[in-house]
Number of protein chains: 2
Amino acid sequence: MTATTVHQPTHREALWALEDAFERGDLITVFGRCTVEYDGRAASSLGVGRRLLVLKPDGTALVHTDENQKPVNWQPPGSEHHAAVRDGRLRVRSVHTSPDETLAVRFETVEQLSAMSVSGRRDLSVTGSEADLRNALLDRPALIESGFEPLATERPTDAGPIDLFGRDSDGRPVVVELKRRRVGPSAASQLQRYVAAIEREEGDNAAVRGILVAPSVTDRARRLLAEHELEFVAVEPPSSTGDAGENNTLDTEPAETNAFDLAVDDSAHDSAGDATGNDESEAAGTVPADEESN
Amino acid sequence: MTATTVHQPTHREALWALEDAFERGDLITVFGRCTVEYDGRAASSLGVGRRLLVLKPDGTALVHTDENQKPVNWQPPGSEHHAAVRDGRLRVRSVHTSPDETLAVRFETVEQLSAMSVSGRRDLSVTGSEADLRNALLDRPALIESGFEPLATERPTDAGPIDLFGRDSDGRPVVVELKRRRVGPSAASQLQRYVAAIEREEGDNAAVRGILVAPSVTDRARRLLAEHELEFVAVEPPSSTGDAGENNTLDTEPAETNAFDLAVDDSAHDSAGDATGNDESEAAGTVPADEESN
DNA sequence: GCCTAGGTCCCGTGG
DNA sequence: CCACGGGGCCTAGGC
């Protein structure tokens, strides 16, 4: 129920505590001086130092140092944790199969070991994802282009699924690729692959349009789009500070929960344009201070 | 020096311990029941549950549940941690600027709070990276193709840097893209971009070859390569179990530390081939059992 | 700061 | 199991 902790344990005491925690399915943290060896998809070796080891009941293992968000070493979920005392020292091994990988943490000293039962993330709700952008555009397809008619999302092709497929006011097929943030060359190539796939589907004479929809685009990506006669439409990035209810009611639509501020900022394939997205100034009342309740 | 821990603290005691740990630049772990709110590049809300909060002196914040390698919520390095007691409850806020992001963790109960000074990853050495593959191929360019002459790595082009650039025995320019693992469509597109850039550099009549070097390739990527008349050469993935000293000395070169077993497995652009990498059997004595020392 | 690409990417979804 | 693409990707290296 509550957290169990052993402070400055002997290595053998730490082993007992670990085995108990494994039994209970607790999440475990270990502070101590250790070395780390990893062998699997790659291989690595880490000299002695003071670190934090986290062991999860799902098999995940994390070795954290004083900096960076990513662990310096780790083991994926599905691994099996094993603990033992060798040469009087605690050793934790996490073993994964398929792919075969092993993480070994050898402790010189164990400062502290804690364990507590933790609960999963049942109810994490996120807004501002690409799916939110897609829904926003389905509500207001004219923001991609006046007269654009959405026909399908995740439409399958030989090259993979298209984010948003439809036709323009002239009846031409339109492939739309959505990105929630500034795009680089890979997104342009991705769009180009999908356009080529539709062109093969429709026949060689088909004039298939491709539109990349994102907050902004790098110079290189813009040139790539131009080379393939693809287009770019800018949308505002998700507006962050809780404006979920602040619908700019220009149209009749109620417009479902819309994390994206949508702005038409067409930049045709042959124009240089400067919609690099570094010039946003007035979106929705960006008052940096004054957050309610501290 | 050693770890400090408070068990079942009051919220105010937890606050004192946190402030002390901030002062010392410790790495901090907090077990407790909490809710988590995030707002920034996206936004999310997480209901009450028992979790582990990790705070690093570089500004990183991590919220971990009982499963998955990635934290359910987090804050990047460079954030500023702030702690306070509001309504009798501990609240930790980590604030980042540019991009503006805030993570707020509100504790219902604090089971335990620990802090310890930890040290960085000075001496992490990894093998099996793409750079290792590149070095291995520079030592033995014939494994890409007999007569291949490497001229440059990271060669800049209008489309970005080329992993490995050279010429074949006929003097034709060759663009080589390296991947440390099985490749999909994006790698094929990446190679195609580089080849197109070199073709523009060299002139329209130039016959520029492109070779994707990787352990294996998906069907879709193989088709993409064929469409653009690009080639694929298979190399064995990094062989994992410590064979760093096992140089197969066929040539005169001493062959530096070579984490990759290299195998020629050419599959031309117009052949279907089956070098999907699922059929490796005898590489280098793959004895699954018997790991030295435990 | 931006851009580009690698990563033991992780992760979910679909086949 | 593999394949594919998103991600608050993160991180390193250039510029």
Side-chain angles (χ1 to χ4, degrees), chain A residues 38-44 60-61 67-77 79 96 98-103 124 126-131 133-134 154 156 159-163 177-187 190 193-194 216-221 237-238 240 259 276-278, chain B residues 38-44 60 67-77 96 98-103 124 126-131 133-134 154 156-157 159-163 177-187 190 193-194 216-221 237-238 240 276-278:
Chain A
Y38 157 74
D39 196 351
R41 288 168 288 179
S44 75
T60 302
E67 53 183 12
N68 276 348
Q69 175 172 343
K70 291 186 61 176
V72 63
N73 277 114
W74 70 89
Q75 198 71 336
S79 306
H96 193 273
S98 182
D100 288 353
E101 297 191 289
T102 300
L103 181 77
L124 176 68
V126 218
T127 61
S129 66
E130 181 183 300
L133 173 56
R134 166 173 50 74
E154 303 300 321
I162 293 176
D163 282 344
E177 174 64 29
L178 308 176
K179 293 296 176 200
R180 71 175 304 282
R181 58 173 187 169
R182 186 170 173 84
V183 292
S186 63
Q190 192 182 350
R193 290 202 302 272
Y194 297 154
S216 57
V217 58
T218 68
D219 284 350
R220 197 118 70 180
S240 175
T276 49
N278 296 333
Chain B
Y38 157 75
D39 196 351
R41 287 168 288 179
S44 74
T60 301
E67 52 184 12
N68 276 346
Q69 177 172 339
K70 291 187 60 175
V72 63
N73 276 116
W74 69 91
Q75 197 70 337
H96 193 273
S98 181
D100 288 353
E101 297 191 289
T102 300
L103 181 77
L124 175 68
V126 209
T127 61
S129 66
E130 181 183 300
L133 174 56
R134 166 173 50 74
E154 303 299 323
T157 73
I162 294 177
D163 281 344
E177 174 63 28
L178 308 176
K179 293 296 177 200
R180 71 176 305 282
R181 60 173 187 171
R182 186 171 174 85
V183 292
S186 63
Q190 193 182 351
R193 291 203 303 272
Y194 298 153
S216 58
V217 58
T218 68
D219 284 350
R220 196 126 55 178
S240 178
T276 50
N278 296 333

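Heavy-atom basis, side chains included; hydrogens, waters and symmetry copies ignored.
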Quiz prompt | Nearest atoms (heavy-atom pairs only) where B/A221 meets B/V217 | solution = CB-CG2, 3.5 Å
Practice problem: Please list, chain by chain and in numerical order, all residues satisfying side chain to side chain contact (heavy atoms under 4.5 Å, CB included) with B/R181, sequence neighbours excluded. | Solution: none
Exercise. Toss me the dot-bracket line for DNA chain D: Watson-Crick and G-U wobble, both under 3.5 Å, 5' to 3', using | for pairs to another strand and [ ] for crossers.
Key: |||||||.|||||||
Quiz item: When we call it a touch if two heavy atoms are under 4.0 Å apart, what does A/P185 touch: a base, just sugar-phosphate, or nothing?
Solution: sugar-phosphate
Quiz item: Listed by chain and number, what are the side chain to side chain contact (heavy atoms under 4.5 Å, CB included) partners of B/P99, not counting sequence neighbours?
Solution: B/R41, B/H96, B/E101
Practice problem: In whole angstrom, give the distance that lies between atom CG of B/D163 and atom C1' of C/dG6. | Solution: 9 Å
Quiz item: Expressed in angstrom and rounded to an integer, what is the separation of A/Q190 atom CD from C/dA5 atom P?
Solution: 14 Å
Quiz prompt | side-chain hydrogen bond (donor to acceptor under 3.5 Å, both in side chains) partners for B/D163, two or more places apart | solution = none
Quiz prompt | Test side chain to side chain contact (heavy atoms under 4.5 Å, CB included) applied to A/S186 - qualifying residues, sequence neighbours left out | solution = none
Exercise. With the side chain counted from C-beta on, respond yes when A/L103 and A/S79 share a heavy-atom pair under 4.5 Å apart, and no when they do not.
Key: no
All N/O contacts under 3.5 Å from nucleotides 7-11 of chain D to the protein, with atom names and distances to one decimal?
from	atom 1	to	atom 2	distance (Å)
D/dG7	OP1	A/E130	N	3.0
D/dG8	O6	B/N73	ND2	3.0
D/dG8	O6	B/W74	N	2.8
D/dG8	O6	B/W74	O	3.0
D/dG8	N1	B/W74	O	2.3
D/dG8	N2	B/W74	O	3.3
D/dG8	N2	B/Q75	OE1	2.9
D/dG8	N2	B/E101	OE1	3.2
D/dG8	N2	B/E101	OE2	3.4
D/dG8	N3	B/Y38	OH	3.2
D/dG8	N3	B/R41	NH2	3.2
D/dG8	N3	B/E101	OE2	3.1
D/dC9	OP1	A/R181	NH1	2.9
D/dC9	OP2	A/R180	NH1	2.5
D/dC10	OP1	B/R41	NH2	3.1
D/dC10	OP1	B/W74	NE1	3.1
D/dC10	OP2	B/R41	NH1	2.9
D/dT11	OP1	A/Q69	N	2.6
D/dT11	OP1	A/K70	N	2.9

Practice problem: Please list, chain by chain and in numerical order, all residues satisfying side chain to side chain contact (heavy atoms under 4.5 Å, CB included) with A/E67, sequence neighbours excluded. | Solution: A/T65, B/D58, B/R121
